[in-house]
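Okay, so here's the structure we're looking at.
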Number of protein chains: 2
Amino acid sequence: MASGSQQTVRPITMRDVARESGFSPTTVSITLNDAPLARYLPAETKTRIRQAAKKLGYRPNPFARSLVSRRSELVGVMVFDVTDPYCTPILRGIEKTLYESSYMPIFTDSHNDPARFERYLEMMLDRRVEGLIIVANWLFLDIDILADLRKQEIPTTLVSRDLGSSFISSVAVDNEAGARAGLSYLLELGHREIVVIRGPALLTDTEPRWKGVQSAAAAAGLTLDPALVVDLPDSADPRSSFDGGCALVERLLQEGRRFTAVMAFDDMSALGVMRALAGKGIRVPEDCSVIGFDDIGPASLCTPALTTVRQPMELMGATAAGIVIADVAAVRERQSYQAVVQKMTPELVVRQSTAPARKGGT
Amino acid sequence: MASGSQQTVRPITMRDVARESGFSPTTVSITLNDAPLARYLPAETKTRIRQAAKKLGYRPNPFARSLVSRRSELVGVMVFDVTDPYCTPILRGIEKTLYESSYMPIFTDSHNDPARFERYLEMMLDRRVEGLIIVANWLFLDIDILADLRKQEIPTTLVSRDLGSSFISSVAVDNEAGARAGLSYLLELGHREIVVIRGPALLTDTEPRWKGVQSAAAAAGLTLDPALVVDLPDSADPRSSFDGGCALVERLLQEGRRFTAVMAFDDMSALGVMRALAGKGIRVPEDCSVIGFDDIGPASLCTPALTTVRQPMELMGATAAGIVIADVAAVRERQSYQAVVQKMTPELVVRQSTAPARKGGT
DNA sequence: TCCCGAAGTTCGATTTAAATG
DNA sequence: GCATTTAAATCGAACTTCGGG
C-alpha cells in the first residue's frame with residue numbers, strides 16, 4: 001500500500017532553501033546555478049547554501065526554470081516501429097550520445113501509422129522539444145508535415161534515409177556501395193545464377209541498392225537473368241518482408257528456376273528466403289548461398305548465421321543525435337546551421353550462409 | 001540551410017490571443033480550457049477567441065501550465081536494454097495505452113548499467129514524472145534505489161518480474177505454469193531424455209521455471225537425469241544467453257550424452273542450442289526437439305521456427321501502463337492505491353522445432 | 001441573483017537593478 | 001567604488017475574486 005492519506009507533501013522550493021540557509025532566494029539561485037555573480041559570493045555563503053539544499057533534498061522545479069529560460073532541454077525521438085530490430089541499435093546510439101548532454105528524450109512510436117505520427121509530432125511541438133530525431137526505418141513520409149519544424153526552427157535529423165530537404169539533416173547508409181559489395185562477394189565466390197530480391201518500389205532504399213547490384217554485375221561482365229530479379233511488394237510491415245522473401249523464392253522454385261545464390265533486399269527477406277529453401281530441402285550454404293542487408297539482431301542468431309551487409313546502426317543513431325545537439329546549440333546562439341547529409345559506410349559481414357558456388361546448383 | 005538570422009521569433013502567448021480577439025487573457029484561458037466558468041460565456045465570444053487562437057497558431061506554454069497545475073503529464077519509461085527483442089513488444093504495449101491518455105513518455109535505456117539506471121532515475125525525478133514504468137527484463141535491481149519513489153508518491157510498475165515490494169506494482173508472466181506447459185508438451189511428444197537448461201542463478205525467473213519443469217516431470221512420473229540439467233552463467237547480456245545455450249549443448253555432446261529434446265531457459269538460449277546442434281549435424285526437429293521461452297521476434301524468423309512458451313509482452317506493457325495511469329489518477333485525487341501483482345498467462349506456441357520422439361535419439 | 005468579463009494573485013524559478021556596509 | 005546581498009520584475013498560464021449590467 002502506498003497512500004496519499006497524509007497531507008499533500010509540499011515540494012521543497014528555493015524559498016525553503018533560502019529560509020533554511022538564512023539567505024535570500026536570489027543568493028540561493030546564484031549559488032546553485034554558479035551564475036556569473038557567484039564570483040562575488042564568499043565560499044562560506046555558498047557552502048552553507050549548498051548544505052541547506054542538500055539537507056532539504058531540494059530539486060529545482062524544471063517548469064519554473066524552463067519558463068524563464070525558454071528551454072525545455074527535451075529532444076524528441078520518433079520511431080516508426082520499435083519492434084523492428086533495425087531500430088533498436090539506432091536508439092541505443094541516440095541514447096549514448098544524449099546521455100553526455102543535458103537533454104532528455106521524449107519518445108514516440110507511431111507503429112507505421114502516419115496519422116499517429118502526425119499527432120505525435122504535434123505533441124512534440126506542444127512540449128517545446130528543442131530538437132528532433134526521426135527514425136524513419138520504413139514509412140513513406142510527407143515532407144509537408146514537417147514544414148512546421150522549419151518555422152519553429154527546430155533542428156531535425158532523419159535517420160536511415162535522405163529526404164532531400166533543405167532544412168532536415170539525414171544520416172543514411174550508402175546503399176549503393178553496400179549492395180555492390182554484397183553482390184561482388186557472391187561473384188567472387190563464383191556464383192553466376194543469382195536471384196536478386198529488390199525492395200518495395202516505394203522505399204527509397206530500393207533504387208540505390210538495385211543500382212549497386214547492377215554496377216557490380218556490370219563490372220564483372222555478368223548479365224543478370226531478368227527472370228531471377230524479383231520485387232518485394234509494398235508494405236509498411238517489416239514482417240511482410242520475411243513473408244515476401246519466402247513467397248518469392250517458393251515461386252521461383254515452383255517455376256523450376258535454377259540458381260546458386262540469393263541476394264535479398266534486407267535481412268528480413270533473407271530470413272524468409274532461408275525458410276523457403278529449407279522447405280524444399282535446399283541446404284544453405286551448401287546448395288545455395290544467401291546474403292542479406294542491415295545486420296539486424298536475428299541475422300547472427302539464426303542458423304546458419306546470415307552473411308550480410310552491415311549498416312552501422314548504433315553509429316548512425318549517435319551521429320544523428322550529435323548533429324541535432326550541435327544544431328540546437330547553433331540556434332540558441334542565433335547562428336545558422338546547415339542541413340547535412342551523412343552517408344555511412346556499410347560493411348560486409350561474412351558468416352555461414354554463403355559458400356563458394358558448386359557446379360550445378362539447384 | 002535553416003537559420004536564425006531573423007530576429008528571434010517571440011512565441012505566441014495567451015496575451016496575443018487576447019489582444020487579437022479583443023478579450024482579456026482571463027476569458028481566453030477560460031474559453032480554451034473549457035473551464036467551469038465557460039458555461040457563462042456566449043458562444044459568440046468563444047468562437048471569436050478560438051478563431052483568434054487558431055489564426056495565430058497559439059500553443060499554450062506547457063511550462064507555465066505545469067507550473068500552476070503542478071502536473072507534468074509525463075510518465076517515465078525505463079528500459080534496461082532496448083536492443084533486447086524481449087523489450088520492444090512491451091514498449092509497444094505501453095505506447096498503445098499511453099496514447100489514449102494525455103501522458104507523454106520520457107524514455108531511458110540504461111543498457112544493463114546500474115549506475116546509468118540510477119542517474120536516469122534521478123533525472124526522472126528531477127523532471128517530475130507523475131508515474132514510472134520500469135522494464136526490468138534482465139537486471140538485478142536494488143529496491144533501496146527506488147525508495148525515493150515512495151516518498152515522492154510516484155506510482156511505479158515493474159514489468160517482467162515481481163520485486164515483492166509493498167509499493168511497487170508488477171506485471172510478470174506465470175513462469176511456473178509456462179515451464180510446466182513447455183515440458184509437458186515435450187513429454188506428450190514422447191521425449192524422456194530431455195536436456196533442461198536453467199537460467200542464471202541471479203535471475204528471478206530461473207527459480208519458478210525450474211519448479212514448473214520439476215512439477216511437470218513429477219506429474220509424468222519422470223525423473224530428470226541430473227547430468228542433463230545445466231545452468232546458464234550469470235550475465236546481464238542477453239547475447240550471453242545465446243552463447244551459453246550453444247556452449248552447454250556442445251559440452252553435453254562432447255561428453256557423449258544422449259538426449260532427444262532440449263528445453264531451453266529462453267528463446268535466446270534455444271537459438272544457441274540450435275546453433276550447437278547444427279554444428280554437429282544434428283537435425284531439428286528430426287533428431288532433436290528444441291523448445292524455448294518468451295517468443296521473441298527471432299523465434300518465428302529462424303528456420304526451423306522455434307516452438308516456445310509465449311509471454312504476452314504487448315499485453316504486459318499495456319497492463320503496466322494501465323496500472324500506472326490509474327494509480328496516478330488516485331494520487332491526484334488524494335486516494336490511496338494498492339501495489340498489485342499481475343500474473344499473466346503464458347501460451348504454448350507450437351512451431352517447427354519440436355516433433356515426436358523417435359527411438360534412439362542422438 | 002444571474003450573466004459576462006476583467007483585474008489581480010499565484011506557481012517557482014531567473015535576472016536586473018539597486019541597496020547595504 | 002567595491003564586495004556582498006537582496007528586492008522586484010519577469011516568464012505564461014490558471015484561478016479566485018470582484019465589478020457592472
Side-chain angles (χ1 to χ4, degrees), chain A residues 8-50 52-53 56-73 102 125-128 130 332, chain B residues 8-50 52-53 56-73 102 125-128 130 332:
Chain A
T8 311
V9 265
R10 199 179 55 75
I12 310 296
T13 74
M14 219 178 59
R15 226 183 284 292
D16 297 316
V17 179
R19 197 172 317 116
E20 172 77 21
S21 65
F23 292 94
S24 74
T26 308
T27 310
V28 172
S29 171
I30 290 171
T31 301
L32 297 182
N33 292 310
D34 250 322
L37 280 173
R39 293 191 310 115
Y40 299 126
L41 295 179
E44 166 70 10
T45 300
K46 295 196 261 192
T47 47
R48 266 173 50 203
I49 288 176
R50 278 192 239 278
L56 299 179
Y58 170 66
R59 284 179 200 274
N61 183 310
F63 308 116
R65 194 200 282 267
S66 286
L67 189 55
V68 0
S69 70
R70 295 158 168 289
R71 299 197 43 197
S72 65
E73 314 236 323
S102 59
L125 263 21
D126 286 342
R127 299 269 180 174
R128 303 292 200 273
E130 296 186 49
R332 263 174 36 215
Chain B
T8 310
V9 267
R10 199 179 54 74
I12 311 297
T13 74
M14 219 177 59
R15 224 183 288 290
D16 298 315
V17 179
R19 197 172 319 115
E20 172 77 21
S21 66
F23 292 93
S24 75
T26 308
T27 311
V28 173
S29 171
I30 289 171
T31 301
L32 297 182
N33 293 310
D34 251 323
L37 281 173
R39 292 190 310 116
Y40 301 129
L41 296 179
E44 166 70 10
T45 300
K46 293 197 259 191
T47 47
R48 270 177 43 207
I49 287 176
R50 278 193 239 276
L56 298 179
Y58 169 66
R59 283 179 200 275
N61 183 310
F63 310 118
R65 194 200 281 269
S66 286
L67 190 55
V68 359
S69 71
R70 297 159 166 289
R71 299 198 40 199
S72 64
E73 314 235 322
S102 60
L125 264 21
D126 285 341
R127 298 270 180 174
R128 303 293 201 270
E130 296 186 49
R332 263 173 39 214

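A, B, ... follow the sequence lines: proteins, then strands. Residue 1 opens every chain.
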Rounded to whole angstroms, how far apart are CG on B:L67 and P on D:dG12? 12 Å

Check: B:L32 and B:R50 side chains under 4.5 Å, non-hydrogen atoms: yes

Indicate, with a heavy-atom threshold strictly under 4.0 Å, whether A:T27 touches base, sugar-phosphate, or nothing. base

In short, A:R71 meets A:S66 closest at the heavy-atom pair O-OG, 2.7 Å

Tell me the interatomic distance from B:R70, atom CZ, to D:dA13, atom P, rounded to whole angstroms. 19 Å

B:D16 has an atom CG; how far is it from atom P of D:dC11, in whole Å? 12 Å

In whole Å, I'd like the distance from the CG atom of B:D126 to the C1' atom of C:dG12. 15 Å

Under the 3.5 angstrom rule, does the side chain of B:E130 hit a backbone N or O of B:S72 as a donor-acceptor pair? yes

A:T31 side chain vs A:T27 backbone, donor-acceptor pair below 3.5 Å: yes

Can you measure A:L56 atom CG to C:dA13 atom P for me and round it to whole angstrom units? 12 Å

Does B:R15 have more than 12 heavy atoms from other residues, nucleotides or ligands lying within 6.0 Å of its CZ? no

Using a cut-off of 4.0 Å on non-hydrogen atoms, how would the nucleic acid contact of B:F23 be classed: base, sugar-phosphate, or nothing? sugar-phosphate

Find the distance B:L41:CG to D:dG21:P and express it as a whole number of Å. 18 Å

Measure the distance from OH on B:Y40 to P on C:dG5 and round it to the nearest whole Å. 14 Å

Scoring nucleotides 14-21 of chain C by protein non-hydrogen atoms under 4.0 Å (B base, S sugar-phosphate only, - none) yields BBB-----

Quick one: label A:P62 by what it contacts on the DNA or RNA (base, sugar-phosphate, nothing), any heavy atom closer than 4.0 Å. nothing

Rounded to whole Å, the CZ-C1' distance (B:R10 to D:dC11) equals 12 Å

Below the 4.0 Å mark, does C:dG5 have OP1 or OP2 next to a side-chain nitrogen or oxygen of B:T45? yes

